[in-house]
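As the structure lists them, so they are numbered: ligands from 1, and atoms in each ligand from 1. By convention here, the first residue in the shown sequence is residue 1.
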Amino acid sequence: MTSSTYVEAPTGVPVLDVDPFSDALLHDPYTYHAQLREIGPLAWIPKYAIYATGRHEQMRAIFADHKSYISSAGVGLANFNKEPPFRPKSLILEADPPSHTQARTILSRILSPGTVTKIRESFTKEADALLDEILDASCRKEVVDGVKCIGEAYPLKVFPDAVGLESQGRENLLLYGDMIFNAFGPRNNLLARSAEKVQPVTDWIMAHCKRDMLRPGGFGDQIYQAADAGEISHEEAPMLVRSFLSAGVDTTVNGIGNALWCLASNPDAYAKLHADPGLARAAFEESLRYESAVQTFFRTTSCDVTLAEINIPSGSKVLTVLAAANRDERKWPNAERFDIERRPTGHMAFGSGIHGCVGQVVARLEGELILAAIAKRFRRIELAGEPTRRLNNTLRALGSLPLRLTPA
Ligand code: HEM
């Protein structure tokens, strides 16, 4: 369902007459998030004829019941049981058990806590090298664009290095991510604009999913090793590499950009982080809760199901507004407060259940190391101008973030 046909609301479900993918609500989603939570555990959005929830309790329940709320019909607005997917389906994100389990086992092994221990040293070195450059620029009193110079620069260096990609052409990863995350929403102008470059960008991505383009031993090559061992076919291997390239860059880019924005807007929180850079991990976690990089995903019901005493018919699309659950007062006292001393365990920024982000250990590592590197070098971090937004149907993204960083 991508057009604006109005379908009658199901009886007993409160109606929220908004377009969550309009420019206005993507600019400022928090007012509608509050309305969504307050209207009830589940709402009906007539514009797209979908159910939606912004409450933590119901979202957990949805993600915990992957048999009734499936992913193979797409985790965006489009229902792949009714219309063909715009690209070949992801073998992990858009799959249900048992095929999901097979792909997930391989990626979880590659992105295990043990891997993080191995890559920690090189990721730390790169964070330090980048922040030393920024320290130089800041000593010359230059304004730094937190999005370009930190948020994009760091993940675009360390993650593709770990996957085993060559250095050239990495900007394609950002263009691809922008398109993929727009494609989870309706066919609006945002999708049309990012899809303009779809062919050359997709060609670049698929070419770089091939084994001969990947450094031996990197994350990408390890997927091919799993194929050599017979765990998946050699035709499936590039599709799993594609999952790394679609999900592993634009997410952390925006996670880090949003964390910088949170810290620049909350000087007291930054002062605490500067005094104790050991809080970097907690600060990144809280920024994921407070300003969630991935704002929404969908599920499709595979059968008639009851949620909070409401019957949802089989084949319905359900919008899970992760960012709204992350500010649900029922779960988080003072949810509207950015508090880096909070331990936001159970936030929905990485989803939960069997599809909960398989790359979260790497994302957390990147967030922690970059914030610690900043905290050690700078006494203050302030906005040096108005940040701009890069609207996306799924991601909470900044276009630019002018920062003044005061050396310690
Ligand atoms: C701050 C950064 C990140 C955020 C906010 C994020 C968010 C998410 C969310 C919300 C999901 C759940 C999708 C669903 O339930 O349908 C997910 C799944 C996934 N993420 Fe991440 N992610 C991040 C970083 C990464 C990284 C660095 C990688 C790769 C190394 C990655 C790879 C994946 C994959 C492959 C899935 C699908 C897992 C499955 O379906 O079992 N993500 N991510």
(request) For atom 12 (C) of ligand 1, state which one of H355, R299, E94 supplies the nearest heavy atom. (result) H355
(request) Considering the heavy atoms of L111, write down every atom of ligand 1 situated less than 4.0 Å from one of them. (result) 30 (C)
(request) Inspect the contact between D161 and R170 and indicate whether a charged nitrogen and a carboxylate oxygen are less than 4.0 angstrom apart. (result) yes
(message) Regarding ligand 1, does T252 bring an N or O atom to under 3.5 Å of one of the ligand's N or O atoms?
(response) no
(request) Output yes when the distance from some N or O of ligand 1 to some N or O of T251 is under 3.5 Å, and no in every other case. (result) no
(request) For H100, counting its heavy atoms only, list the atoms of ligand 1 lying under 4.0 Å from any of them. (result) 39 (C), 40 (O), 41 (O)
(message) Can you confirm whether the side chains of E83 and N79 place a donor and an acceptor under 3.5 Å from each other?
(response) no
(request) Go through ligand 1 atom by atom and flag the ones less than 4.0 Å from a non-hydrogen atom of V294. (result) 5 (C), 7 (C)
(request) Verify whether one side chain among Q35 and Y30 offers a donor that lies under 3.5 Å from an acceptor in the other. (result) no
(message) Show the atoms of ligand 1 that are less than 4.0 angstrom away from any heavy atom in L288.
(response) 1 (C)
(message) Donor-acceptor pair, distance only, cut-off 3.5 Å: does the side chain of S112 make one with the backbone of T115?
(response) yes
(request) Would you please determine whether F159 falls within less than 4.0 Å of ligand 1 on a heavy-atom basis? (result) yes
(message) If only side-chain N and O atoms count, and only distance matters, is there a donor-acceptor pair under 3.5 Å linking D19 with Y48?
(response) yes
(request) Start with the C-alpha distance between I50 and L77, add both sets of side-chain angles, then the distance that settles side-chain contact (heavy atoms from CB on, under 4.5 Å), and finish with yes or no. (result) CA-CA 9 Å; I50 53 173; L77 178 62; 3.8 Å; yes
(message) Show the atoms of ligand 1 that are less than 4.0 angstrom away from any heavy atom in G248.
(response) 26 (C), 27 (C), 28 (C), 29 (C)
(message) Tell me whether the rings of H100 and H355 are parallel (<30°), tilted (30 to 60°) or perpendicular (>60°).
(response) tilted
(message) My understanding is that only one of E286, E368, E366 makes a salt bridge (charged side-chain N to carboxylate O under 4.0 Å, His left out) with R281; could you say which?
(response) E368
(request) Test Y51 against every option in F298, W44, Y69 by the ring pair (Phe, Tyr, Trp, His ring centres under 6.0 Å) rule and name the one that passes. (result) W44
(request) Provide, to 0.1 Å, the distance between atom 11 (C) of ligand 1 and the closest protein heavy atom, together with that atom's residue and name. (result) F350 O, 3.7 Å
(message) Please list, in number order, the atoms of ligand 1 under 4.0 Å from a heavy atom of A247.
(response) 24 (C), 25 (C), 26 (C), 28 (C), 31 (C), 32 (C), 33 (C), 42 (N)
(request) Tell me which part of L322 gets within contact of ligand 1: side chain, backbone, both or neither, using heavy atoms under 4.0 Å. (result) side chain
(message) For atom 37 (C) of ligand 1, what is the closest protein heavy atom, and at what distance to 0.1 Å?
(response) L93 CD1, 3.8 Å
(request) Could you tell me which atoms of ligand 1, counted from 1 in the order shown, lie closer than 4.0 angstrom to a heavy atom of I92? (result) 38 (C), 39 (C), 40 (O), 41 (O)
(request) Distance to 0.1 Å, residue and atom name: give those for the protein heavy atom nearest to atom 13 (C) of ligand 1. (result) F297 CE1, 3.4 Å
(request) Return the orientation label for the F181 and F184 ring planes: parallel under 30°, perpendicular over 60°, tilted otherwise. (result) perpendicular
(request) Name the option, out of C357, P155, A349, that contains the heavy atom nearest to atom 10 (C) of ligand 1. (result) A349
(message) Are W332 and H56 an aromatic pair, judged by ring center distance below 6.0 Å?
(response) yes
(request) Number the atoms of ligand 1 from 1 as they appear, then name those within less than 4.0 Å of a heavy atom of I354, with their elements. (result) 41 (O)
(request) Provide, to 0.1 Å, the distance between atom 34 (C) of ligand 1 and the closest protein heavy atom, together with that atom's residue and name. (result) V358 CG1, 3.5 Å
